[in-house]
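This report refers to the structure that appears directly beneath it.
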Number of protein chains: 2
Amino acid sequence: MSGKLLNSEPLYVQLRVALSRRIASGDWKPGETIPNELDLAKEYGLSAGTVRKALDWMEEAKLISRQQGRGTFVTDPASKEATRRFNRLREASGAILRVEAHMIAISTSPASKTEAARLDMEPQQHVTRMSKLASAQGRPIMFEQIAVPTDLFPMLAANEGAQSPCYDLLEFAQRSGVLIGRGDERISIGAAEGEVASHLGVTPGTPLIVLDRTIRTIENRPAEWRMAWCNLGPHHYLAELS
Amino acid sequence: MSGKLLNSEPLYVQLRVALSRRIASGDWKPGETIPNELDLAKEYGLSAGTVRKALDWMEEAKLISRQQGRGTFVTDPASKEATRRFNRLREASGAILRVEAHMIAISTSPASKTEAARLDMEPQQHVTRMSKLASAQGRPIMFEQIAVPTDLFPMLAANEGAQSPCYDLLEFAQRSGVLIGRGDERISIGAAEGEVASHLGVTPGTPLIVLDRTIRTIENRPAEWRMAWCNLGPHHYLAELS
DNA sequence: AAGTGGTCTAGACCACGCA
DNA sequence: GCGTGGTCTAGACCACTTG
């Protein structure tokens, strides 16, 4: 009984923002149902159709999933589906490539010029950096360098010393009340050098696929910048076109 | 005054199929407007809301574009936007990489095993094959081998001998009444060899990005299979994640 | 049988483009 | 000022899941 929808945006936009915040804040927990469409309509003083349109968008943004006859559920970032959301690596058969990742290093300090540019931050603001190595069937596949704005994920910096489990964007985003939206990835070829070559166990000069990825929040703020060097072997990267 | 919508699919699905056919058949030409929402509703005996939902999908599928106050337009496959739809190559700056392509060869014969598998055809059916070379700023960038089901694009095979302008999927699809939907692209690394190396002007063994792409019709039938070998230089491939 | 999301209707009014 | 698409409403009925 408390929805305030006042400004000039369409009501369904205001509503989806309001509902998204309630998910981000933990008001509705992952895996739980949210109130049904009629109850939401009553609560916010809207018609069912308007609520429906807001939920359509949230479903498209993967914040919720709806099942006829059962209800509307908050997407669980720890679920298998969600984990695969940004994993575009595939086996030759087309099957999703399951990788095991482990953390190599983590640190926090002011953003470099490049990091500030990629993460749309002021240079004096802090970023938390991580290195990870991902393996498939015991073979190192991908070396990753990740940078995130520290203010978005305070838990990460706080955990720095601890026996942190491997960083996963979607998991930390959920725990920090950050809602993840879309991203893009620049793909090119590079040669293995130094640290990258040694972690991947290849001779310097070996050609690698280089991934340069930025993922944004649903408000379109950059939430993660990652550079990854991949020695895919028989595997490949799958891009979808529409 | 003639819409027949009878079967058990939702009306908005039947309607979008019906309207899509009218576009494919040339009933409404690219760049032209289609009747307004109220007129379509009357013609098919539906409510405006149902028509709207069908048009939403068609807009999402890039068959039409809507402009408030002006009308609803059939997407022109020859337009700049459409041409860029499946072009994921970008300059270092992020700008779309404009390439000039020219045809190297074209022929038609029964599908190979691989082609039949990729294009979901029977092996005895015919495919039309083309080779293209794409250049940017005069430098060869990408060598392409394309295969399409001949029955989908009869004009292509008919034009074989002629001074054919460079093949463009979207253009031929329009002329053949085929509506293009989505696609996917497998990305990996390969080494330049033989014909590929010579066309690209690189020494054999040079690492290249290999693109293996299938594009489907809106009915999800494969319409084009392409293998492309890219010597991108400072450029890159841009994938979008959602 | 009760409760959920999914479809469909018939209207009203608003925002925009154009003559 | 008129015609277009965009938003919003209030209600009906259907399809599916669960107890």
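Lettering of chains follows the sequences in order, A, B, ..., and the numbering in each one begins at 1. FYI, side chains are in, hydrogens and waters are out, and symmetry mates aren't considered; it's all heavy atoms of this structure.
- In this model, the phosphate group of C:dC8 is not approached by any side-chain N or O of B:Lys53 to a distance below 4.0 Å at OP1 or OP2.
- Between B:Leu11 atom CG and B:Glu9 atom CD the span is 10.5 Å, to the nearest 0.5 Å.
- Atom CG in A:Leu55 sits roughly 13 Å away from atom P in C:dT4 (whole-Å rounding).
- In this structure, CZ of B:Arg16 is placed 11 Å from P of C:dC8, rounded to the nearest angstrom.
- With rounding to whole Å, A:Asp39 atom CG is found 11 Å from C:dT4 atom C1'.
- For the side-chain hydrogen bond (donor to acceptor under 3.5 Å, both in side chains) criterion with B:Trp225, the lone passing option out of B:Thr214, B:Thr114, B:Asp212, B:Asp120 is B:Asp212.
- One interatomic measurement links the two molecules: CG of A:Leu38 to C1' of D:dA10, which rounds to 11 Å at whole-angstrom precision.
- Nearest nucleotide to the B:Arg66 side chain, out of C:dT7, D:dT7, D:dG6: D:dG6.
- Of the charged side-chain nitrogens involved, none lies within less than 4.0 Å of a carboxylate oxygen, so that B:Arg16 and B:Asp56 do not count as a salt-bridged pair.
- With C:dC18, C:dC8, C:dT4 as the choices, the nucleotide that has an atom nearest any side-chain atom of B:Tyr12 turns out to be C:dC8.
- Note on B:Thr72: only backbone sugar-phosphate atoms sit closer than 4.0 angstrom, heavy atoms only; bases stay farther off.
- Sequence order on DNA chain C of the closest nucleotides to A:Gln67 and B:Val51 puts A:Gln67 first from the 5' end.
- The nearest heavy atom of DNA chain D to A:Ala48 and to B:Arg70 marks one nucleotide each, and the one closer to the 5' end goes with B:Arg70.
- Rounded to a whole Å, the CZ atom of B:Arg52 is 15 Å from the C1' atom of C:dA12.
- For the OP1/OP2 pair of C:dG3 and a distance below 4.0 Å, the side-chain nitrogens and oxygens of A:Asn36 include no atom meeting the criterion.
- Of the candidate nucleotides C:dG5, D:dC8, C:dC16, C:dC16 has the atom nearest to the side chain of B:Gln68.
- Of all nucleotides listed (C:dG6, D:dC8, D:dG6), D:dG6 comes nearest to the side chain of B:Glu37.
- Rounded to an integer number of Å, the gap from A:Leu11 CG to D:dG6 P is 17 Å.
- The A:Ser47 side chain lies nearest to D:dT9 when the options are D:dG6, D:dT9, C:dG6.
- The separation between A:Glu59 atom CD and C:dG6 atom C1' is 11 Å, rounded to whole Å.
- As rounded to whole Å, 19 Å separates atom C1' of D:dT9 from atom OH of A:Tyr44.
- Residue order along DNA chain D, read from the 5' end via each residue's closest nucleotide, puts B:Ile34 first among A:Gly49 and B:Ile34.
- Across D:dT18, D:dC8, D:dT7, the shortest atom-to-atom separation from the side chain of A:Thr50 is found for D:dC8.
- Remark: A:Thr83 OG1 to A:Glu171 CD distance equals 8.5 Å, nearest 0.5 Å.
- A:Glu240 has a carboxylate O that lies under 4.0 Å from a charged side-chain N of A:Arg88, or vice versa, which qualifies the two as a salt bridge.
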